[in-house]
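Written out below as structure tokens is the structure these notes cover.
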Amino acid sequence: MFDYTFSERMSALQPSAIREILKATAGKDVIAFSAGNPSPASFPAAAMAEIAADIFRDNYAGALQYGITEGLPSLREQTFDRLKAKFSIGREFDRLIITSGGQQAIELATKVLVNEGDTVICEDPSFIGALNAIRSYRPNLVGVPMDEEGIDVAKVEEILKTDKRVRMIYVIPTFQNPSGGVMSLARRKALLELAERYNVMILEDNPYYELRFAGEHIPTIKSMDDKGRVIYAGSYSKIISPGMRIGFCVAPEEIINKMVVAKQVSDVHTNQFFMMLVSEYLARYDLDAHIKGICDLYGKKCDLMYSELSKYNNGYFDVRKPEGGLFMWLTMPKGNGAELAKLCAARGVAVVPGSAFLADESKISPCIRLNYSLPSDEDIVRGIKILCDTAAEYLSGK
Ligand SMILES: Cc1ncc(COP(=O)(O)O)c(C=O)c1O
């Protein structure tokens with residue numbers, strides 16, 4: 001075989017631990033708590049079938065032809081109007097671009113802002129997809145721990161004071177992946193104030209914001225941004241369907257203009273047919289009512305997982321009950337989440353070790369992440385029992 005040589009930028013990226021777990025359990029009848037997938041029951045398939053047929057009958061050229069990089073104008077307008085009306089997101093100076101998932105918004109934002117060797121601050125742990133997108137631009141990635149109120153802003157300020165190369169702070173303030181946590185309003189304000197004072201950008205990644213099934217909404221950081229310090233990444237993945245790959249980004253016009261150039265190089269534009277599909281869906285159906293149905297479904301699944309855990313969790317895990325999103329975060333009093341994940345995989349239950357989400361993946365984490373949106377109720381009941389039995393054995397040997 002040829003001895004292939006790869007770019008240095010790829011050396012910073014490891015294969016996703018989640019994918020590795022999926023590989024280890026492939027072909028087996030596993031209970032998957034490891035995915036980040038929405039429930040297929042939440043996909044509006046009948047509405048999509050009807051709209052798709054109409055598009056190909058009435059406007060096939062629109063769907064099959066090249067489009068513009070910024071995205072389908074009607075979808076941009078509908079998305080921006082909705083964000084403004086419902087969440088006060090977007091000022092005079094802001095513009096919106098449709099991206100291939102929220103993932104691309106993160107990648108493009110990093111591409112246009114961050115030079116090799118610059119510093120990017122993130123929550124520790126954080127979303128692997130974003131961390132890898134950021135890592136591919138070879139910055140100094142610095143993870144800052146969180147508590148019940150979110151990222152430690154005093155620590156963020158310490159870094160900002162001493163490191164003059166900080167360009168961006170990447171956060172998932174609502175229903176954080178993987179911790180499920182929500183940043184308090186006070187921390188959101190403090191973070192924005194720091195970004196203004198130290199002249200850095202905040203990348204607010206918010207794909208789970210509307211999946212709240214308990215507690216009170218907290219304003220986004222972007223809604224408080226009157227100076228153009230926040231880039232907002234959103235997505236239709238978790239509220240309509242992830243397979244469509246439709247996300248969006250709201251940011252000051254100058255930044256969006258740069259992102260448009262970067263996106264031209266990357267994929268020219270987002271999938272034209274699916275942009276039309278979402279645009280028509282928004283015109284014909286009540287998205288808010290659809291989201292309410294999803295929240296009811298996930299709220300019930302979360303309750304079930306939490307109550308099963310309460311039955312069998314004999315001090316093995318500290319569990320934080322989420323108020324929304326897709327994930328439950330479990331912390332053991334000692335041990336290594338990766339070792340527990342391996343034992344669970346051998347017994348047909350897939351979970352993700354906490355270390356996979358750390359800025360420094362070589363560190364050990366006593367945590368694991370569970371997903372409750374995808375598994376069936378039966379699998380939740382069966383899987384949690386297996387998980388707790390496995391944890392009992394694992395921890396007794398520690
Ligand atoms: C925190 C976070 N941000 C962004 C994304 C990207 O989602 P998408 O590209 O499907 O919009 C995900 C997906 O799981 C996520 O968990």
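Computed over heavy atoms, backbone and side chain alike; hydrogens, waters and symmetry mates excluded. One-based numbering, in listed order, for ligands and for the atoms of each. Numbering of residues begins at 1 and proceeds along the displayed sequence. Not measured: the values here are computed from a predicted model.
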(message) So for atom CD, which belongs to Glu193, do other residues, nucleotides or ligands contribute more than 12 heavy atoms lying within a distance under 6.0 Å?
(response) yes
(message) Run Ile202 and Arg229 through side chain to side chain contact (heavy atoms under 4.5 Å, CB included) and show every step you take.
(response) CA-CA 6 Å; Ile202 293 176; Arg229 283 277 139 216; 5.8 Å; no
(request) List, by chain and number, the other hydrophobic cluster members for Tyr137, where Ile, Leu, Val, Met, Phe, Trp and Tyr join if side-chain heavy atoms come within less than 4.5 Å, directly or indirectly. (result) none
Give me the pairs of N or O atoms, one from ligand 1 and one from the protein, that sit under 3.5 Å apart.
| unit_1 | atom_1 | unit_2 | atom_2 | d |
| --- | --- | --- | --- | --- |
| ligand 1 | 3 (N) | Asp205 | OD1 | 3.3 |
| ligand 1 | 3 (N) | Asp205 | OD2 | 2.5 |
| ligand 1 | 9 (O) | Gly102 | N | 3.1 |
| ligand 1 | 9 (O) | Gln103 | N | 3.0 |
| ligand 1 | 9 (O) | Arg245 | NH2 | 2.7 |
| ligand 1 | 10 (O) | Ser237 | OG | 2.6 |
| ligand 1 | 10 (O) | Arg245 | NH1 | 2.8 |
| ligand 1 | 11 (O) | Gly102 | N | 2.7 |
| ligand 1 | 11 (O) | Ser235 | OG | 2.5 |
| ligand 1 | 11 (O) | Ser237 | OG | 3.2 |
| ligand 1 | 14 (O) | Tyr208 | OH | 3.3 |
| ligand 1 | 14 (O) | Lys238 | NZ | 3.0 |
| ligand 1 | 16 (O) | Asn177 | ND2 | 2.8 |
| ligand 1 | 16 (O) | Tyr208 | OH | 2.5 |

(request) For side chain to side chain donor-acceptor pair (under 3.5 Å), just list the numbers for Ser74 and Glu77, CA-CA rounded to whole Å, side-chain angles, deciding distance to a tenth of an Å, and then say yes or no. (result) CA-CA 5 Å; Ser74 60; Glu77 199 176 312; over 6 Å; no
(request) Show your working on side chain to side chain contact (heavy atoms under 4.5 Å, CB included) between Leu304 and Tyr372 and close with a plain yes or no. (result) CA-CA 9 Å; Leu304 177 65; Tyr372 48 78; over 6 Å; no
(message) Would you say CZ of Arg9 has more than 12 non-hydrogen atoms from neighbouring residues, nucleotides or ligands within 6.0 angstrom?
(response) no
